[in-house]
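It should be emphasised that the depicted structure is a prediction, and the values quoted were computed from it without experimental measurement.
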Protein chains: 2
Amino acid sequence: MSDDAIDYEAPLPPYRQIADAIIGGINRGELRPNRPIPSEATMIQRWGVARDTARRAVRYLRAQGYTYTVPQRGTYVADGSDNGVS
Amino acid sequence: MSDDAIDYEAPLPPYRQIADAIIGGINRGELRPNRPIPSEATMIQRWGVARDTARRAVRYLRAQGYTYTVPQRGTYVADGSDNGVS
DNA sequence: CATCATTTGTTCGTATGTATC
DNA sequence: CGATACATACGAACAAATGAT
């Protein structure tokens, strides 16, 4: 997560900028498989965005297969195969 | 009970990690039918968790059919072949 | 008999996460 | 952004029953 600033003038919407920052962290190995990504509250504070925006970023990451969410627990970096969490 | 370390950032909540450790002990025969599993106080010491977490683990084991609890006495490994695993 | 240690039962409060509206 | 709900975890305190001394 190299940058902490959101560019509201950029073509890429804020939630995608955050998602890309997370993806960058995953690709650099800073965020490892089955480890939690920053919580919604952390994203809200770190990037100064609304909860909706943080949630959009999480939903996007999940839709792209980068992460998986465990209800009442957190969102974690996917490890390629299907997680076996019950 | 091979492992006595709790991973608080794991997708599986602490009480489930403890429960799984107990189940492992049962399946390996270290904890035998009608013999007591570790007391709440022991779990607290061994895994360094709060009593609430230890109790959740016990409640889970009981709900899954692995153990039965005798009030003011302890929790014991259930006999019979039913593991409660569906 | 009384005392003590052990163990589970119960209830209060605080905190962090996600889920939903 | 707010408010609410739910699951989880930690901490503390007290109650009640059991078993050993």
Side-chain angles (χ1 to χ4, degrees), chain A residues 1 4-6 8 13-15 17-19 21-22 25-26 31-78 82-86, chain B residues 1 3-23 25-26 31-78:
Chain A
M1 289 151 286
D4 293 52
I6 294 296
Y8 290 94
Y15 82 90
Q17 293 180 43
I18 293 177
I22 301 285
I26 294 174
L31 296 174
R32 303 175 312 166
N34 298 310
R35 295 280 87 187
I37 66 172
S39 69
E40 293 180 0
T42 299
M43 292 185 193
I44 291 169
Q45 279 213 322
R46 182 176 303 174
W47 286 287
V49 296
R51 176 173 282 106
D52 280 350
T53 303
R55 289 182 58 74
R56 276 178 212 274
V58 173
R59 190 191 319 146
Y60 177 80
L61 289 166
R62 189 168 47 231
Q64 297 301 308
Y66 285 104
T67 64
Y68 63 95
T69 297
V70 179
Q72 272 71 54
R73 189 86 186 122
T75 296
Y76 304 81
V77 177
D82 267 35
N83 64 83
V85 179
S86 54
Chain B
M1 286 152 288
D3 202 41
D4 53 348
I6 296 296
D7 180 358
Y8 287 92
E9 295 198 325
L12 211 59
Y15 82 90
R16 289 276 277 109
Q17 295 178 41
I18 293 176
D20 285 358
I22 301 284
I23 292 172
I26 294 175
L31 296 173
R32 308 187 314 177
N34 299 308
R35 299 299 303 169
I37 67 172
S39 70
E40 295 175 0
T42 299
M43 293 185 195
I44 291 168
Q45 283 285 323
R46 183 173 305 173
W47 286 287
V49 296
R51 193 186 172 196
D52 181 64
T53 304
R55 289 182 64 77
R56 282 177 193 280
V58 174
R59 184 194 314 157
Y60 176 81
L61 290 167
R62 193 167 47 231
Q64 298 301 308
Y66 283 104
T67 65
Y68 62 94
T69 297
V70 179
Q72 272 66 55
R73 279 273 67 211
T75 295
Y76 304 80
V77 177

- CZ of B/R55 versus P of D/dT8: gap in Å, rounded? 15 Å
- Task: I would like to know whether A/R35 and B/D7 meet side-chain contact (heavy atoms from CB on, under 4.5 Å); could you show each step before the answer?
- Result: CA-CA 10 Å; A/R35 295 280 87 187; B/D7 180 358; 2.3 Å; yes
- Task: Using a heavy-atom cut-off of under 4.0 Å over every strand shown, decide if B/E40 touches base, sugar-phosphate, or nothing.
- Result: base
- Message: Is any side-chain heavy atom of B/Y66 closer than 4.5 Å to one of B/I22?
- Response: no
- Query: Among all residues two or more places apart in sequence or in another chain, which pass the ring-ring contact (aromatic ring centres under 6.0 Å, His included) test with B/Y76?
  - Reply: B/Y68
- Rounded to the Å, how far apart are B/Y60 OH and D/dA7 C1'? 15 Å
- Item | Value in whole Å for how far the P atom of D/dC1 lies from CD of A/Q45 | 10 Å
- Task: Would you please name every residue forming a side chain to side chain donor-acceptor pair (under 3.5 Å) with A/T75, sequence neighbours left out?
- Result: A/T69
- Message: Restricting to side chain to side chain donor-acceptor pair (under 3.5 Å), what partner residues turn up for A/T42, sequence neighbours left out?
- Response: A/S39
- Query: NA contact type, B/V58, heavy-atom cut-off 4.0 Å: base, sugar-phosphate, or nothing?
  - Reply: nothing
Identify all side-chain donor-acceptor contacts of residues 52-61 of chain A below 3.5 Å with residues at least two apart in sequence or on another chain.
unit_1: A/R55; atom_1: NH1; unit_2: A/E40; atom_2: OE2; d: 2.9
unit_1: A/Y60; atom_1: OH; unit_2: A/R16; atom_2: NH1; d: 3.3

- Distance (rounded to the nearest 0.5 Å) between A/Q17 CD and A/Y8 OH: 8.5 Å
- When all nucleic acid strands are considered with a 4.0 Å heavy-atom cut-off, which category describes B/I44: base, sugar-phosphate, or nothing? nothing
- Whole-Å gap separating C1' (D/dA7) and CZ (B/R56): 7 Å
Could you run down the sub-3.5 Å N/O contacts of the protein with nucleotides 14-16 of chain D?
unit_1: D/dA16; atom_1: N3; unit_2: B/Q72; atom_2: NE2; d: 3.4

- Can you name the side chain to side chain donor-acceptor pair (under 3.5 Å) partners of A/R51, sequence neighbours left out? none
- Message: With a 4.0 Å limit, can you tell me whether B/Y15 has a side-chain N or O closer than that to the phosphate oxygens OP1/OP2 of D/dA7?
- Response: no
- Item | Of all pairs that satisfy salt bridge (charged side-chain N to carboxylate O under 4.0 Å, His left out), the ones with a partner from residues 66-78 of chain A, not counting sequence neighbours | none
- Task: Taking heavy atoms of chain B and a 4.0 Å limit, find me the 5'-most and 3'-most nucleotide of DNA chain C within that range.
- Result: C/dT7 to C/dT10
